[in-house]
Amino acid sequence: MSILVSRATRVLVQGITGKEGAFHAARCKEYGTQVVGGVTPGKGGTIHEGFPVWNTVEEAVQATGADCALIFVPPPAAADAIMEAADAGIPLVVCITEGVPVADMVRVKAFLARTASRLIGPNCPGLITPGQAKVGIMPGNIHREGPIGVVSRSGTLTYEVVHQLTQLGLGQSSCVVIGGDPVTGTNFIDVLRLFQADPETTSIMMIGEIGGTAEEEAAAFVKAHVTKPVVGFICGQTAPPGRRMGHAGAIIAGGKGTAAEKMAAMEAAGITTVKSPADMGATVARVVGKKG
């Protein structure tokens, strides 16, 4: 069983005629993902770098049977692209775009609640099931198949822990980066629930960051519902209150959302915490060894 994407996933790229969309569509295809084409309004009926292009998502779905949308649309139009994909019945929508206005995402969340679509992102590198399919911009070569599920708000730290795990001979079942914006489509709990239900995932690496309460809520979920070992890391441990660190959602406001609070919540839930990103892979290896 794979998490969210597999060899059977048929990916449609919105914004495929842009430089970034075309480049990453080709990289996903090289990895083995079924990229069936793309959408750019006004360019339907053309072929762009080997990929057929349609004017609308609905037309593309009817022609290809696409069940996943990968979005590289500029920020002002990204919300409409997400809703167009969901309205066309695509069950999984992955939005890479950074800088989507928060007000637009509030509108998107309300719209998605009336559909059966799941959104990953925005402002994320996507997700990958190693050896099967990658839907996003992550470097596929650092991944290997295995039993460790990775869920993270940070793309860069995901690449770091994956590289460490792979170097230690620990492959990954799936890696899902949920994004660092204040409003995203999929949260930690959503992915933790999937990893708990996945028989091929035996342990979980969770990477959070300062700002908001998502990590505390995830820790409570782990304590109540997750039976698999979980290792956690919070980035931004030295951030002063009121200072944004990297992501739009990574800001300590009103004394809430600090790394110390999040790590304390994790530890209270039985999660093994890591103080330094350099120790993430080694800590997972130690925990996996302990759990047999």
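Predicted, not measured: the structure shown is a model, and the values here were computed from it. Start at 1 with the first residue, then count along the sequence.
Checked against side-chain contact (heavy atoms from CB on, under 4.5 Å), Thr166 has the following partners two or more places apart in sequence or in another chain: Arg144, Val162, Gln172. With sequence neighbours excluded, the residues satisfying side-chain contact (heavy atoms from CB on, under 4.5 Å) with Thr56 are Glu58, Glu59, Glu84. Residues satisfying the side-chain contact (heavy atoms from CB on, under 4.5 Å) criterion with Val94, sequence neighbours excluded, are Cys68, Leu70, Leu92, Ile96, Ile120, Leu127, Val135. Not counting sequence neighbours, the partners of Lys275 by the side-chain contact (heavy atoms from CB on, under 4.5 Å) test are Met263, Glu267, Thr273.
Annotation for His163: atom NE2 does not count as buried by contact number, only 12 or fewer foreign heavy atoms lying within 6.0 Å.
A distance-only check finds no donor-acceptor pair linking the side chain of Thr46 to the backbone of Val53 [under 3.5 Å]. Proximity of a side-chain donor or acceptor of Asp67 to a complementary backbone N or O of Arg10 within less than 3.5 Å is detected. Counting only distance, with no hydrogens or angles, the side chain of Thr129 and the backbone of Gln132 share no donor-acceptor pair below 3.5 Å.
Within the cation-pi definition used here (under 6.0 Å to the ring centroid, within 45° of the axis), Arg27 qualifies as a partner of Phe23.
Val150 pairs in a side chain to side chain contact (heavy atoms under 4.5 Å, CB included) with only one of the listed residues (Leu165, Ile204, Val176), which is Leu165.
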Under 3.5 Å, side-chain donor or acceptor atoms of residues 218-230 against the rest of the protein: list the pairs with distances, not counting sequence neighbours.
{"unit_1": "Thr227", "atom_1": "OG1", "unit_2": "Gln196", "atom_2": "NE2", "d": "2.9"}
{"unit_1": "Lys228", "atom_1": "NZ", "unit_2": "Phe195", "atom_2": "O", "d": "2.7"}
{"unit_1": "Lys228", "atom_1": "NZ", "unit_2": "Gln196", "atom_2": "O", "d": "3.3"}
{"unit_1": "Lys228", "atom_1": "NZ", "unit_2": "Asp198", "atom_2": "O", "d": "2.6"}
{"unit_1": "Lys228", "atom_1": "NZ", "unit_2": "Thr201", "atom_2": "O", "d": "2.6"}

Enumerate, atom names and distances included, each donor-acceptor pair closer than 3.5 Å involving a side-chain atom of residues 182-193, sequence neighbours excluded.
{"unit_1": "Thr186", "atom_1": "OG1", "unit_2": "Leu119", "atom_2": "O", "d": "2.5"}
{"unit_1": "Asn187", "atom_1": "OD1", "unit_2": "Ile189", "atom_2": "N", "d": "3.1"}
{"unit_1": "Asn187", "atom_1": "OD1", "unit_2": "Asp190", "atom_2": "N", "d": "2.8"}
{"unit_1": "Asp190", "atom_1": "OD2", "unit_2": "Asn187", "atom_2": "N", "d": "3.0"}

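Between Glu209 and Lys262, none of the side-chain N atoms (NZ, or NE/NH1/NH2) sits under 4.0 Å from a carboxylate O, so this pair counts as no salt bridge.
Phe111 contributes atom CZ, which lies 4.5 Å from atom CG of Asp87 (distance to the nearest 0.5 angstrom).
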